[in-house]
Asks: 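The structure follows.
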Amino acid sequence: MNTHPTRFVRGAIVCATTLYGIFFAAVGAHAQRPVGLGTVGNNRPINAARDISWTQRLDHQVTLATPFRNENGQVEPLSTYFGKRPVVLVMPFYKCPGICTQELNGMVDAFKDPQIRFRVGRDFDVVTISINPKETPELATAKKKEYLDILDQPGAENGWHFLTGEEANIKKVADEIGFKYTYDAKTDQYAHPGGIVVLTPQGKVSRYFFGVGFSPRDVRFAVTEAGQGRIGTAVDNFLLACYHYDPQTGTYGPAVFRIMQVLGISTVAILGSFIFLSIRQEQRQAKPSATGGNPPAGPAK
């Protein structure tokens, strides 16, 4: 039997695609069960569309008189970190088991990339505010040391600040930059969107970057514009929510679910394209013999 090998390839790909679809559908259904999303006040289930979001508040002034504790435990207003250079602001929490680590790692990767051409503490500053009011300056100090070691830029210790504060002050800043997060009483964690905000030296919102990976070139342009007091335009809002796998309930939160969705859709798209191209190639190879190619030679007389 002379079967074209492409058919075996297509069969294997179809099986793989089907298995991927079943897997991601199962994960998606499991992830979206309300019991796995935790609860907020009055045991109301967390709803990502309602409780977690970015609202782009371009040109909005952040209140620089708002006080926070620095790594040494000293209470200082935000104005301590503004006035000289543009500021990149990020609001994770330090004991975050979700995307916060990827978010901070993405910042370091961008800050270290030669394309950015700027240095923390020389050309711009970074302010990290924990959204968990229970976290301490000692924890902020440990987190600062961890990321300064990774960044490895002289002088960055004077330009990257890790702050903690009271809940009312945290929420005030979060509201001013359009950062909506919520506390999950069930898991004692915080669900929040991923991303960073670039502010002018005077504390006005200039530009947003969403997700956990940041283009060094785009960050450089945003810092340059913010340094000139310019306000950027709204960008597409890609909501990557920080909400981790909960081993107690055995469910995935929105962040993992969305990542799985993207991977699943990408895999299916790639495999589907490969199947389509394989079929087209096989049809082209079969066409000449079916529509006018030379007939096979008969036996010699």
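Hydrogens, waters and symmetry mates are skipped; everything else that's a heavy atom, side chains included, is used. Keep in mind that this is a model prediction, so the values were computed, not measured.
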Asks: Honestly curious: do Met107 and Leu89 fall in one hydrophobic cluster under the side-chain, below-4.5 Å linking rule?
Replies: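 Unlinked, Met107 and Leu89 end up in two clusters.
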
Asks: Starting from the C-alpha separation in whole Å, work towards a yes-or-no answer on side-chain contact (heavy atoms from CB on, under 4.5 Å) for Asn70 and Phe162.
Replies: CA-CA 7 Å; Asn70 63 19; Phe162 286 74; over 6 Å; no

Asks: Check the side chains of Ser206 and Glu225 for a donor-acceptor pair under 3.5 angstrom, ignoring hydrogens and angles.
Replies: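 On atom types as modelled, these side chains do not qualify, holding no pair under 3.5 Å.
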
Asks: According to a 4.5 Å side-chain heavy-atom criterion applied to Ile, Leu, Val, Met, Phe, Trp and Tyr, with indirect links allowed, do Val88 and Val173 form part of one hydrophobic cluster?
Replies: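 As far as the 4.5 Å side-chain criterion goes, Val173 and Val88 are not connected within one cluster.
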
Asks: So, do Pro154 and Arg119 sit near enough that their side-chain heavy atoms are less than 4.5 Å apart?
Replies: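 SC-SC contact between Pro154 and Arg119 confirmed.
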
Asks: Is there side-chain contact between Phe82 and Leu199, with heavy atoms separated by less than 4.5 Å?
Replies: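 Side chain of Phe82 against side chain of Leu199, heavy atoms only: contact under 4.5 Å found.
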
Asks: Distance from Phe68 atom CZ to Ile170 atom CD1, nearest 0.5 Å?
Replies: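 If I round to the nearest 0.5 Å, the distance is 6.0 Å.
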
Asks: From Lys143 NZ over to Phe93 CZ, what is the distance, rounded to the nearest 0.5 angstrom?
Replies: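 One finds 10.0 Å between NZ of Lys143 and CZ of Phe93.
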
Asks: Quick one: which of Ile129, Ile131, Val197, Ile52 gives a side-chain contact (heavy atoms from CB on, under 4.5 Å) with Phe179?
Replies: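 Filter result, single survivor: Ile131.
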
Asks: Would you kindly confirm whether Leu139 and Leu148 end up in one hydrophobic cluster when ILVMFWY residues are joined by side chain heavy atoms under 4.5 Å apart?
Replies: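 Per the 4.5 Å side-chain linkage, Leu139 and Leu148 are co-clustered.
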
Asks: Taking side chain as C-beta onward, heavy atoms only, is Arg207 less than 4.5 Å from Phe221?
Replies: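 No - every pair of side-chain heavy atoms lies 4.5 Å or more apart.
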
Asks: Just jot down the ring pair (Phe, Tyr, Trp, His ring centres under 6.0 Å) partners of Phe214, sequence neighbours excluded, or say none.
Replies: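 Phe214 satisfies ring pair (Phe, Tyr, Trp, His ring centres under 6.0 Å) with no other residue.
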
Asks: Within the structure provided, determine whether Pro92 and Ser130 are in side-chain contact (heavy-atom separation under 4.5 Å).
Replies: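 No; the side chains remain at least 4.5 Å from each other.
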
Asks: Evaluate the ring planes of Trp54 and Phe210, with Trp represented by its six-membered ring, and classify them as parallel (under 30°), tilted (30 to 60°) or perpendicular (over 60°).
Replies: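 Taking Phe210 first and then Trp54, their aromatic rings sit tilted (interplane angle of 30° to 60°).
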
Asks: Walk me through it: do Gln189 and Lys95 pass the test side-chain contact (heavy atoms from CB on, under 4.5 Å)?
Replies: CA-CA 9 Å; Gln189 302 291 343; Lys95 286 189 175 180; 6.0 Å; no

Asks: Hey, could you give me the CD/CZ distance between Gln74 and Arg69, rounded to the nearest 0.5 Å?
Replies: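 It comes to 12.5 Å.
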
Asks: Within the supplied structure, the quantity of interest is the number of heavy atoms (other residues, nucleotides, ligands) at a distance under 6.0 Å from Arg122 CZ; does it exceed 12?
Replies: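 Yes, CZ of Arg122 has more than 12 neighbouring heavy atoms, counting only those of other groups under 6.0 Å.
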
Asks: For the pair Phe111 and Trp160, name the ring-plane relationship: parallel under 30°, tilted 30 to 60°, perpendicular over 60°.
Replies: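 Judged by the thresholds at 30° and 60°, the geometry between Phe111 and Trp160 is perpendicular.
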
Asks: Would you compute the distance between atom CD of Gln61 and atom OG1 of Thr200 and round it to the nearest 0.5 angstrom?
Replies: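 Here the rounded value is 6.5 Å.
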
Asks: Report the C-alpha separation of Arg57 and Tyr208 in whole Å, then their side-chain angles, then the decisive distance to 0.1 Å, and conclude whether the side-chain contact (heavy atoms from CB on, under 4.5 Å) test is met.
Replies: CA-CA 9 Å; Arg57 307 196 67 185; Tyr208 289 86; 3.8 Å; yes

Asks: Before giving the answer on side-chain contact (heavy atoms from CB on, under 4.5 Å), spell out for Thr80 and His161 the whole-Å C-alpha distance, their side-chain angles and the decisive distance to 0.1 Å.
Replies: CA-CA 10 Å; Thr80 306; His161 312 281; over 6 Å; no

Asks: Just verifying a value: how many Å separate Lys172 NZ and Glu166 CD, rounded to the nearest 0.5 Å?
Replies: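 The distance works out to 14.5 Å.
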
Asks: Only one of Asn169, Thr63, Leu163 clears side-chain contact (heavy atoms from CB on, under 4.5 Å) with Leu78; which?
Replies: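 Answer to the side-chain contact (heavy atoms from CB on, under 4.5 Å) test with Leu78 among Asn169, Thr63, Leu163: Leu163.
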
Asks: When you compare the side chain of Val198 with that of Phe209, does any pair of heavy atoms fall below 4.5 Å?
Replies: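 They are in contact (side-chain heavy atoms under 4.5 Å apart), so the answer is yes.
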
Asks: So for atom CD, which belongs to Gln115, do other residues, nucleotides or ligands contribute more than 12 heavy atoms lying within a distance under 6.0 Å?
Replies: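 For Gln115, atom CD is crowded (more than 12 foreign heavy atoms under 6.0 Å).
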
Asks: Would a single hydrophobic cluster contain both Leu151 and Phe118, if residues Ile, Leu, Val, Met, Phe, Trp and Tyr are joined by side-chain heavy-atom contacts under 4.5 Å?
Replies: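 Yes, same cluster.
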
Asks: Please report the shortest heavy-atom distance between Cys96 and His192, naming the atom on each side.
Replies: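 Closest heavy-atom pair between Cys96 and His192: SG-NE2, 4.5 Å.
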
Asks: How long is the span from the NZ atom in Lys180 to the NZ atom in Lys171, to the nearest 0.5 Å?
Replies: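 Between Lys180 NZ and Lys171 NZ, I get 9.5 Å after rounding to 0.5 Å.
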
Asks: Salt bridge check, Lys145 against Asp149: does any charged N sit closer than 4.0 Å to a carboxylate O?
Replies: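 Salt bridge between Asp149 and Lys145, a charged N being under 4.0 Å from a carboxylate O: yes.
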
